[in-house]
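Have a look at the structure below, then the notes.
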Amino acid sequence: MDANRESVGVLVVGAGFLGSQRAAAACIARGTTLIGVADVDIHRAGAIAARHGAFAVGSLEEGLLLDGVDAVVVATPHADHVESVELALACGKHVLCEKPLAIDADDARRLALQADEARLCLAVGFNHRFYPPIREAIGIVEAGGLGRVEGLRIQIGHHASQEFLRGWHTDVRVSGGGTLIDNGVHACDLIRRIAGEVESVSGNIRHDPRNLDTCERDAFGLFLTLDDVVAELHSSWNLRRGYLTVDIRGDAGWLIAETAPWRLSGRLAEGRRLSRGYLAERIAERLHRRRFGCERSLVAELEAFAGAIRGEIGPGGNSEDGCRATEMVLGLYESARLRAEVPLAPRVAGGRGGSPQAVTVRGRTGGRA
């Protein structure tokens with residue numbers, strides 16, 4: 001990146017639903033400029049690029065040759081992430097990759113190490129951290145508002161339509177799995193963000209009973225952290241209501257954060273009751289999506305990524321967060337296969353690109369990721 005240019009030039013790879021939103025976010029986020037959109041379907045890339053006055057190209061390789069590209073946002077199906085991230089890093093570009101970072105834990109770790117060795121930022125798209133009730137809940141926990149966290153329960157997912165189930169998300173060769181690696185990876189990230197580093201997982205998954213060869217539609221996990229917190233996870237494509245609910249229990253209070261619609265309720269350590277409906281924020285979010293075509297969480301995440309490139313420490317998900325979330329997902333799959341608890345040995349890759357690096361030992365946590 002040119003030291004004389006404050007704005008980070010962004011190339012978005014993938015012109016699907018999320019790629020379209022990522023491109024829109026790059027146009028309005030502070031500190032970023034959309035340079036181009038790349039997709040094998042040049043017509044889809046062209047439609048998005050024309051809307052924002054950017055270039056359209058038919059491949060990542062072409063996009064990397066555009067003048068002014070400092071960073072690449074990868075918004076393609078899961079199995080494509082590794083090749084795209086690897087090439088962008090090799091060309092000296094910072095990368096924000098949609099979750100999951102990879103569908104293989106060793107691949108995720110290799111990408112993180114590649115970024116560290118090149119001194120480039122590798123961030124992972126955990127935009128749920130930026131939803132107002134989730135962001136506020138994390139702030140309360142970090143400020144000690146619940147005392148010591150003792151338990152955590154997260155449910156995430158949606159009711160999958162037939163159209164969704166006919167798409168690439170249910171092709172395991174492309175997606176890497178079902179609801180767990182699609183939605184549940186966000187929950188895995190929030191478990192570490194709220195309760196600290198994990199050391200083991202036990203769980204199970206449920207397939208469509210009419211077709212056991214398909215990917216899972218429900219996943220259930222119990223994660224044990226280094227601070228002896230038990231975190232429960234349920235990821236589902238069978239939910240009838242809601243999307244993401246986070247229930248945090250501390251030794252001096254509790255919180256429930258919901259995202260469909262946004263709500264935060266609980267009792268804090270000093271006994272104060274908390275009940276927020278975020279009406280003004282919900283109206284602003286609706287107007288923002290209508291005007292700009294993207295969630296505000298994606299804008300905030302991109303601004304945090306641009307800050308990380310400038311050397312700032314922010315709330316975004318970094319490469320270590322992406323690696324650990326992938327390892328948590330694959331650990332749960334392995335636990336379901338073995339019908340046994342699976343250890344998750346701590347591994348650190350440096351973690352440029354987002355939030356502070358986690359440093360945890362049993363009974364004491366500092367610099368939580």
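Along the sequence shown, the residues carry numbers beginning at 1.
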So, do [X] and [Y] sit near enough that their side-chain heavy atoms are less than 4.5 Å apart?
{"X": "L190", "Y": "R129", "value": "yes"}
{"X": "V10", "Y": "V69", "value": "no"}
{"X": "I154", "Y": "T245", "value": "no"}
{"X": "M328", "Y": "V201", "value": "no"}
{"X": "V124", "Y": "N318", "value": "no"}
{"X": "E281", "Y": "R286", "value": "no"}
{"X": "D70", "Y": "I309", "value": "no"}
{"X": "R206", "Y": "E216", "value": "no"}

Side-chain hydrophobic cluster, 4.5 Å single linkage: members besides [X]:
{"X": "V40", "answer": "none"}
{"X": "W168", "answer": "V174"}
{"X": "I256", "answer": "W254"}

So, using salt bridge (Lys or Arg N to Asp or Glu O under 4.0 Å) as the criterion, who are the partners of [X] when residues are at least two apart?
{"X": "D171", "answer": "R173"}
{"X": "E334", "answer": "R337"}
{"X": "E150", "answer": "none"}

How close do [X] and [Y] get, heavy atom to heavy atom, and via which atoms?
{"X": "D189", "Y": "D321", "value": "OD1-CB, 4.0 Å"}
{"X": "A187", "Y": "I156", "value": "CB-CG2, 4.1 Å"}
{"X": "G203", "Y": "S335", "value": "N-OG, 3.0 Å"}
{"X": "V299", "Y": "C294", "value": "CG2-SG, 3.9 Å"}
{"X": "A195", "Y": "L152", "value": "CB-CD2, 4.2 Å"}
{"X": "T179", "Y": "S235", "value": "OG1-OG, 2.8 Å"}

Rounded to the nearest 0.5 Å, what's the gap from [atom1] on [X] to [atom2] on [Y]? Could you check?
{"X": "K93", "Y": "C121", "atom1": "NZ", "atom2": "SG", "answer": "14.0 Å"}
{"X": "C215", "Y": "L165", "atom1": "SG", "atom2": "CG", "answer": "8.0 Å"}
{"X": "T32", "Y": "L96", "atom1": "OG1", "atom2": "CG", "answer": "11.0 Å"}
{"X": "L332", "Y": "L233", "atom1": "CG", "atom2": "CG", "answer": "7.0 Å"}
{"X": "H81", "Y": "K99", "atom1": "NE2", "atom2": "NZ", "answer": "8.5 Å"}
{"X": "L65", "Y": "C91", "atom1": "CG", "atom2": "SG", "answer": "8.0 Å"}

Pair T33-S7, side-chain donor/acceptor within less than 3.5 Å: yes
So, the side chain of [X] versus the backbone of [Y]: is there a donor-acceptor pair under 3.5 Å, distance only?
{"X": "T170", "Y": "R166", "answer": "no"}
{"X": "D227", "Y": "V229", "answer": "no"}
{"X": "H94", "Y": "A71", "answer": "no"}
{"X": "Q114", "Y": "E86", "answer": "yes"}
{"X": "D39", "Y": "A15", "answer": "yes"}
{"X": "D251", "Y": "R148", "answer": "yes"}

Give a yes or no on whether [X] and [Y] share a hydrophobic cluster (residues Ile, Leu, Val, Met, Phe, Trp, Tyr; joining criterion: side-chain heavy atoms under 4.5 Å apart).
{"X": "L89", "Y": "L66", "value": "yes"}
{"X": "V246", "Y": "W262", "value": "yes"}
{"X": "L180", "Y": "L239", "value": "no"}
{"X": "L302", "Y": "F130", "value": "no"}
{"X": "L298", "Y": "L244", "value": "no"}

Greater than 12 external heavy atoms within 6.0 Å of E163's CD: no
Step-by-step salt bridge (charged side-chain N to carboxylate O under 4.0 Å, His left out) determination, R109 to D106: CA-CA 5 Å; R109 188 62 55 182; D106 290 336; over 6 Å; no
Derivation and outcome, side-chain contact (heavy atoms from CB on, under 4.5 Å), residues V141 and I248: CA-CA 9 Å; V141 169; I248 312 167; 4.0 Å; yes
Carboxylate-amine/guanidinium proximity below 4.0 Å for R324 and E327: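 Counted as a salt bridge, because a side-chain N and a carboxylate O are separated by less than 4.0 Å.
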Residue that, paired with V82, satisfies side chain to side chain contact (heavy atoms under 4.5 Å, CB included) out of L111, V74, L87, D104: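 Going through L111, V74, L87, D104 one by one, the side chain to side chain contact (heavy atoms under 4.5 Å, CB included) with V82 is satisfied by L111 alone.
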Residues L226, E197; criterion side-chain contact (heavy atoms from CB on, under 4.5 Å); working and verdict: CA-CA 6 Å; L226 294 176; E197 192 58 84; 3.9 Å; yes
Salt bridge (charged side-chain N to carboxylate O under 4.0 Å, His left out) between E258 and R276, intermediate numbers included: CA-CA 10 Å; E258 302 170 84; R276 291 202 57 189; over 6 Å; no
Contacts of type ring-ring contact (aromatic ring centres under 6.0 Å, His included), residue H234, not counting sequence neighbours: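 Here the qualifying residues are F220.
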All ring-ring contact (aromatic ring centres under 6.0 Å, His included) counterparts of F164, not counting sequence neighbours: H158, H169, W237
Can you give me every donor-acceptor pair (side chain of residues 43-61, partner residue at least two apart or in another chain, under 3.5 Å) with its distance?
from: R51; atom 1: NH2; to: S20; atom 2: OG; distance (Å): 3.3
from: S59; atom 1: OG; to: E62; atom 2: N; distance (Å): 3.1
from: S59; atom 1: OG; to: E62; atom 2: OE2; distance (Å): 3.4

Working for side-chain contact (heavy atoms from CB on, under 4.5 Å), residues I138 and R193: CA-CA 8 Å; I138 290 172; R193 190 76 176 87; 3.8 Å; yes
Residues D218, I205; criterion side-chain contact (heavy atoms from CB on, under 4.5 Å); working and verdict: CA-CA 6 Å; D218 282 280; I205 60 177; over 6 Å; no
Where at least one partner belongs to residues 236-246, residue pairs that pass salt bridge (Lys or Arg N to Asp or Glu O under 4.0 Å), sequence neighbours excluded: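 Of all non-adjacent pairs touching residues 236-246, none passes salt bridge (Lys or Arg N to Asp or Glu O under 4.0 Å).
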Of all pairs that satisfy salt bridge (Lys or Arg N to Asp or Glu O under 4.0 Å), the ones with a partner from residues 18-38, not counting sequence neighbours: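 Pairs touching residues 18-38 that pass the test: R22-E98, R22-E301, R30-E303.
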Summary of ring-ring contact (aromatic ring centres under 6.0 Å, His included) pairs that have at least one residue in residues 264-295, sequence neighbours excluded: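 Checked against ring-ring contact (aromatic ring centres under 6.0 Å, His included) - neighbours excluded - the pairs reaching residues 264-295 are H288-F292.
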